[in-house]
Amino acid sequence: GESVGLHLPTLSVQEGDNSIINCAYSNSASDYFIWYKQESGKGPQFIIDIRSNMDKRQGQRVTVLLNKTVKHLSLQIAATQPGDSAVYFCAEKGSSASKIIFGSGTRLSIRP
Amino acid sequence: EAGVAQSPRYKIIEKRQSVAFWCNPISGHATLYWYQQILGQGPKLLIQFQNNGVVDDSQLPKDRFSAERLKGVDSTLKIQPAKLEDSAVYLCASSFRLGLAATGELFFGEGSRLTVL
């Protein structure tokens, strides 16, 4: 079946350090993965995506890594800032499906 | 560019009452989604439209939930009668196009928070 889960529900990081948020997925047919950020009281906001023919993709201060062998992806945030405090969701889409399925989220908190 | 608009932002009703939520997607976006987000969980897709046609409504509780997008632009989501477990944030999102080549970049509204007492 389709399911996307996360290893840790909460993550506390020192300001300025790098953050790593992990996500496991179970549907081997999924070929497209997305990370979203959701701040309190707002809708999710697209951060970065990656297709299954890639294992790494970089954006501005963010990097997504995909390991298809163990069905795992991660979001790395460099030099974490207070504005990065939010809940982060990984999401997936299968090659034959049009819908995007969200995981349960990791809350990232920043220590000053 | 205007974002996805939703109303009302907050609604409190008693169980067995009805409620309706409205969504206006980003201009030109053909695909519209309604997600339900229960506190502490990720968004769950209820229904997905491509223009005014339904692409996926497999997770929509059709005995009480209904949604329409009559002219392929605005959409309404209705719950009748509401149950306590329907308390959640209802998120509307839109994207430019649907399909295997489409990106996963959904643009979300701020959501409508429903409390059922």
Side-chain angles (χ1 to χ4, degrees), chain A residues 1-10 21 23-26 29-54 57 59 62 64 66 73 75 86-107, chain B residues 2-7 9-10 21 23-26 29-51 53-60 88-113:
Chain A
E2 298 174 328
S3 69
V4 180
L6 295 175
H7 293 305
L8 297 173
T10 60
I21 302 170
C23 179
Y25 65 95
S26 61
S30 294
D31 68 346
Y32 180 64
F33 304 90
I34 317 107
W35 282 100
Y36 278 85
K37 172 186 180 182
Q38 187 173 28
E39 296 176 278
S40 181
K42 297 184 178 180
Q45 181 182 16
F46 175 92
I47 302 173
I48 192 168
D49 59 359
I50 188 167
R51 297 201 178 272
S52 59
N53 61 352
M54 303 171 68
R57 191 166 187 218
V62 294
V64 56
L66 175 63
L73 68 158
L75 177 70
V87 177
Y88 289 81
F89 294 97
C90 62
E92 64 174 317
K93 187 173 83 69
S95 58
S96 60
S98 61
K99 63 184 179 183
I100 293 170
I101 298 172
F102 283 76
S104 56
T106 292
R107 180 174 299 280
Chain B
V4 175
Q6 290 189 247
S7 68
R9 286 295 314 276
Y10 305 93
F21 302 112
C23 172
N24 181 237
I26 292 173
H29 280 195
T31 311
L32 185 146
Y33 314 76
W34 283 103
Y35 282 84
Q36 179 194 57
Q37 186 173 27
I38 293 172
L39 185 65
Q41 298 182 16
K44 182 181 93 171
L45 180 68
L46 293 176
I47 189 166
Q48 182 175 334
F49 292 95
Q50 174 75 358
N51 296 313
V54 175
V55 175
D56 189 309
D57 64 356
S58 58
Q59 301 262 60
L60 187 74
V89 175
Y90 291 86
L91 294 162
C92 179
S94 68
S95 64
F96 181 64
R97 63 192 175 105
L98 174 72
L100 299 179
T103 73
E105 187 167 5
L106 307 185
F107 294 83
F108 282 86
E110 293 193 318
S112 295
R113 181 178 296 276

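Lettering of chains follows the sequences in order, A, B, ..., and the numbering in each one begins at 1.
- The CD atom of B/Gln41 sits 9.5 Å away from the CZ atom of A/Phe89 when rounded to the nearest 0.5 Å.
- Between the side chain of B/Tyr33 and the backbone N or O of A/Lys99 there is no donor-acceptor pair closer than 3.5 Å.
- Between atom CZ of residue A/Phe102 and atom OH of residue B/Tyr35 there is a gap of 5.0 Å, rounded to the nearest 0.5 Å.
- Atom CZ of A/Phe46 is separated from atom CZ of B/Phe107 by 8.5 Å, given to the nearest 0.5 angstrom.
- For a residue to count as touching a neighbouring chain, one of its non-hydrogen atoms must lie under 4.5 Å from one of that chain's; by this rule B/Gln6 does not touch chain A.
- Residue contact with chain B, scored on non-hydrogen atoms closer than 4.5 Å, involves the side chain of A/Gln38 exclusively.
- Summarising the geometry of B/Leu91 relative to A/Pro44, their closest heavy-atom pair is CD1-CD, 3.9 Å, with the distance given to 0.1 Å.
- In this structure, B/Arg9 and A/Gly41 approach most closely via the heavy-atom pair NH2-O, 3.4 Å.
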